[in-house]
Each structure stands twice: as C-alpha cells, then as structure tokens.
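Reviewing the structure listed below.
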There are 2 protein chains.
Amino acid sequence: MTGSTENQRAAPRSDATRATILAAARERFAADGYEKATIRAIARDANIDPSMVMRYYGNKAGLFAAAVSIDPQLPGLPVEPREEIGRTLVRHFLTLWEENGELTALMRVGATDPAAADRMGSVLREQLIPLARHVGPEPEQAPARAALCASAVLGLALTRYVLRFPASVALSREEIVDWLGPTIQRYLTAPTP
Amino acid sequence: MTGSTENQRAAPRSDATRATILAAARERFAADGYEKATIRAIARDANIDPSMVMRYYGNKAGLFAAAVSIDPQLPGLPVEPREEIGRTLVRHFLTLWEENGELTALMRVGATDPAAADRMGSVLREQLIPLARHVGPEPEQAPARAALCASAVLGLALTRYVLRFPASVALSREEIVDWLGPTIQRYLTAPTP
DNA sequence: AGCGTTGGCCAACACTTGTTGGCAACCATG
DNA sequence: CATGGTTGCCAACAAGTGTTGGCCAACGCT
C-alpha cells in the first residue's frame with residue numbers, strides 16, 4: 001500500500017482528489033467542528049463517495065489529523081527590537097489565523113476533544129514557553145507568562161474567528177496590534193506585578 | 001398537558017428528579033459538550049430513564065437551555081474606585097466561573113453551536129458594552145473596548161477551564177488578578193493607543 | 001373500596017453515523 | 001489483446017442517536 005520503490009510515472013490523479021478531500025475536510029471541520037462535520041458531508045463537498053475518504057485516510061480521526069497540521073514558526077521570529085516583540089507576535093498570529101482556517105477548526109474541536117486540546121497545548125509547551133524563557137526576566141516564570149500570552153491571543157481568536165462577535169470582527173488589524181501588542185509585551189517582559 | 005390553572009398543592013417529588021436531571025445535565029454538558037453529552041448518558045448519571053428527560057424538558061435543546069442560564073450581574077458591580085475596575089471585573093469573572101461550571105459548558109457548546117455563541121454574545125451586548133460606555137472615554141468606542149475585555153476574560157477561561165493548559169491552571173487567583181486586571185483596566189479606560 | 005392522577009420504566013421507532021466489501025470502469029504495461 | 005492494478009461508486013452493515021407511546025405501580029382523594 002503506497003509502498004513505492006519506483007513511483008515516478010507522473011502524479012496519479014488520485015492525488016488530486018486526495019487534496020480535494022483534504023480541502024473540503026478543512027472547511028467543514030473549521031465550520032462545524034468534529035462531530036457535526038460528517039464524513040458524508042465532506043465527501044459531498046468534494047464530489048466524491050464517502051468510502052473514498054476512508055480509503056485515503058483510514059478513518060475520521062486520521063482525516064482530521066491530516067487536515068489540521070499546525071506549526072507557527074515562532075523560533076523563526078525576529079526577536080530583535082525587543083520592545084517590539086509584543087506587536088510582532090500579534091501580527092504573526094493574525095496572519096497565521098487569516099491564512100489558514102484550520103486553526104479555527106482546531107479550536108472548535110479542541111473545545112471538546114482532549115487530543116486536539118493537547119495538540120494546541122504543545123505549541124505553548126514547545127514554542128511559546130521557550131520564547132518567554134528567552135525574552136523575559138526570571139526564566140522560572142516563563143510558563144506563567146507564556147500561558148498569559150496564549151490566553152490573550154486565543155481569546156481574540158475565539159471571539160473573532162470562532163464565536164464571531166460582531167464587535168470583535170469589526171476590529172481592524174491595526175487596532176488589534178495596537179491594543180494587544182502592549183498586553184503581550186507586558187506579559188512577556190514586565191517585572192512581576 | 002401541564003396546562004394547570006390551579007397547581008399549588010405542595011412541591012411534588014418530581015421536582016427532586018427534575019433537579020437531579022438538571023444537575024447531571026450541567027455536568028455532562030460541561031464535560032463533553034453538546035453532541036457528546038447524550039441524553040442517555042445524562043439519564044444514566046441521574047439514575048433515571050432517558051424518556052423522563054424528554055418528558056420534563058421536551059427535547060435535548062430544551063434541556064440545554066434549562067441547564068445553562070447565564071447572567072453575570074455586571075450592572076450590580078461597584079464601579080467606584082474607578083482605577084480599580086479592571087481588578088474588580090477580573091475577580092468577579094473568576095468567582096463566576098468557579099462557582100458554576102455551566103459557563104464551561106456554554107463555551108464548549110458555543111464553539112460549534114451558533115445559538116450558544118449568540119447567547120454569550122448577548123452578555124457582551126447587554127452588559128459589557130454598556131459598562132464600557134459608562135466607564136470609558138469616547139462612548140462610540142465602547143463596542144471595541146468591550147470586545148477586547150471579552151477576549152481577555154474568555155481567553156483565560158478557555159486556556160484554564162476548557163483546554164486546561166497546565167501552565168494556565170497553575171496560575172493562582174491573585175496572579176491572574178494582578179496580570180489581567182491592568183489589561184482590562186487599560187482596555188476600558190486608557191486613551192486610544 | 002374505587003377512582004383518577006402522577007412518576008417511572010420498557011421497548012420500539014426512525015434516522016444518522018462511521019465503516020466495509022463487492023463490483024464496474026479505467027489505464028498502462030506484458 | 002490480455003492482465004493486473006488503480007480509482008471510483010453502490011449498497012449494506014452495526015452501532016448509536018433523539019424521540020415516542022404504552023404499560024405498570026404507587027399515591028391522594030371521596
């Protein structure tokens with residue numbers, strides 16, 4: 001099964017539908033969450049038979065795992081104007097969220113599924129906390145500071161992209177950066193209050 | 001059917017199981033979200049037959065509506081040391097969240113169900129925005145300021161009570177007040193950045 | 001006692017879900 | 001041409017869902 005020693009005869013057209021399924025899955029998961037996004041609905045969106053989804057991705061969990069891959073490249077961020085890191089982070093997360101809607105899906109699912117929740121937590125553990133340790137004072141406070149940053153960023157994502165509060169959706173990118181930037185900056189670098 | 005012109009003969013013992021069902025429903029909804037919290041599971045928790053749930057609450061939606069009633073009495077808050085309103089609000093929300101877990105249920109459900117999302121939004125509309133209008137400068141900015149406060153508070157609730165990030169759970173009540181208080185204060189009262 | 005009302009359970013319905021196996025068409029290679 | 005693997009669809013399965021109606025036991029009344 002897909003174990004190919006010499007599979008170079010031009011991409012089979014299955015790859016096309018494979019991608020189509022994945023795209024449909026992303027949209028559905030983002031829009032409806034895990035349970036309400038049924039395989040049948042996803043297959044219908046992709047103009048494909050439900051059984052094909054199973055063939056390509058094994059089961060629903062596998063499809064979800066494939067649909068939502070997350071890695072905000074935090075280590076690649078410019079830390080340099082150190083008093084600007086708050087704004088930089090907010091901008092980074094905003095583009096991240098607007099470019100791929102899978103993040104919304106991940107939040108919707110994480111609200112009920114522990115596995116997805118842990119997946120979000122891994123970003124905190126492996127990227128945000130190290131960043132906080134690197135950029136802020138008193139390294140042993142890094143987890144707390146990072147958690148606060150996460151709550152600020154995810155809170156905005158929640159009200160804006162998941163719950164879609166009109167007042168939150170109405171905020172412009174610049175407003176958000178101007179308001180949230182200093183908050184993140186303080187959470188990361190300010191001395192303990 | 002239940003159309004009673006004269007139903008005053010002392011609380012029937014059905015009220016007891018009625019309450020038992022409601023309690024079980026709250027826990028299940030909070031723990032599992034709307035779809036995964038099945039009527040059968042709730043009934044099992046309440047040591048009752050599933051059909052009783054239907055009899056008492058009509059249908060699943062009705063049960064959820066009854067289980068999750070939310071009204072943070074924001075208007076009743078002391079606004080007075082006006083430079084303390086940030087801390088006051090954070091403390092208020094923390095106790096609110098710790099006293100009744102239905103709020104966690106509401107967030108879990110709001111992540112996928114638009115009706116529940118709107119229900120959360122109503123709190124913003126009817127209580128937070130008026131508060132922001134009353135306490136902050138430039139009343140026409142009240143929606144934006146209130147939305148930012150909501151994102152901060154809900155973000156913490158998300159990471160702490162829903163996703164249960166260890167780093168967020170580890171925060172003490174005082175730490176949270178000390179960190180989030182100034183943030184809310186700034187969102188509400190600071191001049192436009 | 002007999003009566004109706006109430007609180008409760010059981011079994012079943014109709015439906016949707018994820019998932020599986022069999023079968024028809026294609027397409028490149030021998 | 002034949003062959004074998006790929007790509008796809010159809011029909012069905014078993015399990016779980018919300019929901020309904022009928023039946024039984026206990027209680028309060030006259």
Side-chain angles (χ1 to χ4, degrees), chain A residues 1-25 28-29 31-67 108-109 112-113 115-116, chain B residues 1-25 28-29 31-67 108-109 112-113 115-116:
Chain A
M1 25 320 242
T2 77
S4 53
T5 51
E6 48 204 340
N7 248 0
Q8 216 58 5
R9 37 185 165 212
R13 71 177 179 289
S14 85
D15 286 9
T17 61
R18 226 186 135 87
T20 309
I21 293 178
L22 208 66
R28 273 289 175 193
F29 279 133
D32 297 343
Y34 190 78
E35 347 263 345
K36 296 191 79 175
T38 72
I39 287 194
R40 282 173 165 89
I42 293 173
R44 203 176 318 124
D45 288 359
N47 289 321
I48 221 76
D49 189 87
S51 65
M52 301 307 298
V53 179
M54 305 300 299
R55 247 204 236 240
Y56 284 136
Y57 295 97
N59 51 25
K60 192 179 180 181
L63 174 63
F64 180 75
R108 283 217 153 87
V109 177
T112 31
D113 182 34
Chain B
M1 27 318 242
T2 77
S4 52
T5 51
E6 47 204 341
N7 249 359
Q8 214 60 5
R9 37 178 162 225
R13 71 175 181 288
S14 85
D15 285 9
T17 62
R18 227 186 133 87
T20 309
I21 294 178
L22 207 68
R28 272 290 176 194
F29 279 133
D32 298 342
Y34 190 77
E35 347 263 345
K36 298 192 76 175
T38 72
I39 286 195
R40 281 175 167 87
I42 294 173
R44 203 175 318 123
D45 288 1
N47 289 320
I48 220 76
D49 189 85
S51 65
M52 300 308 297
V53 178
M54 306 300 300
R55 255 216 238 219
Y56 284 138
Y57 294 97
N59 52 24
K60 192 179 180 180
L63 175 63
F64 180 76
R108 284 216 153 89
V109 177
T112 32
D113 181 35

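On a predicted model such as this, the values are computed, not experimentally measured, just so you know. Labels below follow one simple rule: chain letters A, B, ... track the order of the sequence lines, proteins then strands, and each chain is numbered from 1.
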Atom-pair distance ([atom1] on [X]; [atom2] on [N]), nearest Å:
X     : N      : atom1 : atom2 : answer
B:N59 : D:dT17 : CG    : P     : 17 Å
A:R18 : D:dT7  : CZ    : P     : 10 Å
A:I48 : D:dG8  : CD1   : C1'   : 7 Å
B:K36 : D:dG18 : NZ    : P     : 13 Å
A:M54 : D:dG8  : CE    : C1'   : 16 Å
A:R28 : C:dG18 : CZ    : P     : 12 Å
A:L63 : C:dT17 : CG    : C1'   : 15 Å
A:E35 : C:dT17 : CD    : P     : 12 Å

Partners meeting side chain to side chain contact (heavy atoms under 4.5 Å, CB included) with [X] (sequence neighbours left out):
X     : result
B:A66 : B:L22, B:Y57
A:A65 : A:R119
B:A46 : B:T20, B:I21, B:A24, B:I48

Are any of the side-chain heavy atoms of B:I39 and B:M54 separated by less than 4.5 Å? yes
Do the side chains of B:T17 and B:Y56 get nearer than 4.5 Å, heavy atoms only? yes
Using the side-chain heavy atoms of B:M52, tell me which of these nucleotides is nearest: C:dG8, D:dG8, D:dT19. C:dG8
Given D:dG18, C:dC9, C:dG18, identify the nucleotide with an atom nearest to the side chain of B:K60. D:dG18
Residue met sooner reading DNA chain C from 5', once B:P50 and A:A61 are mapped to nucleotides: B:P50
On DNA chain C, does the nearest nucleotide to A:R55 precede the nearest nucleotide to A:R44 from the 5' side, or the other way round? Give the residue. A:R44
Listed pairs, N/O of protein and of nucleotides 10-12 of chain C, under 3.5 Å:
residue	atom	partner	partner atom	Å
C:dC10	N4	B:S51	OG	3.1

Partners of B:R28 by salt bridge (Lys or Arg N to Asp or Glu O under 4.0 Å), sequence neighbours excluded? B:D32, B:D45
Show every ring pair (Phe, Tyr, Trp, His ring centres under 6.0 Å) that has at least one partner inside residues 32-53 of chain B, sequence neighbours left out. B:F29-B:Y34, B:Y34-B:F64
Base, sugar-phosphate or nothing for A:Y57? Non-hydrogen atoms, less than 4.0 Å. nothing
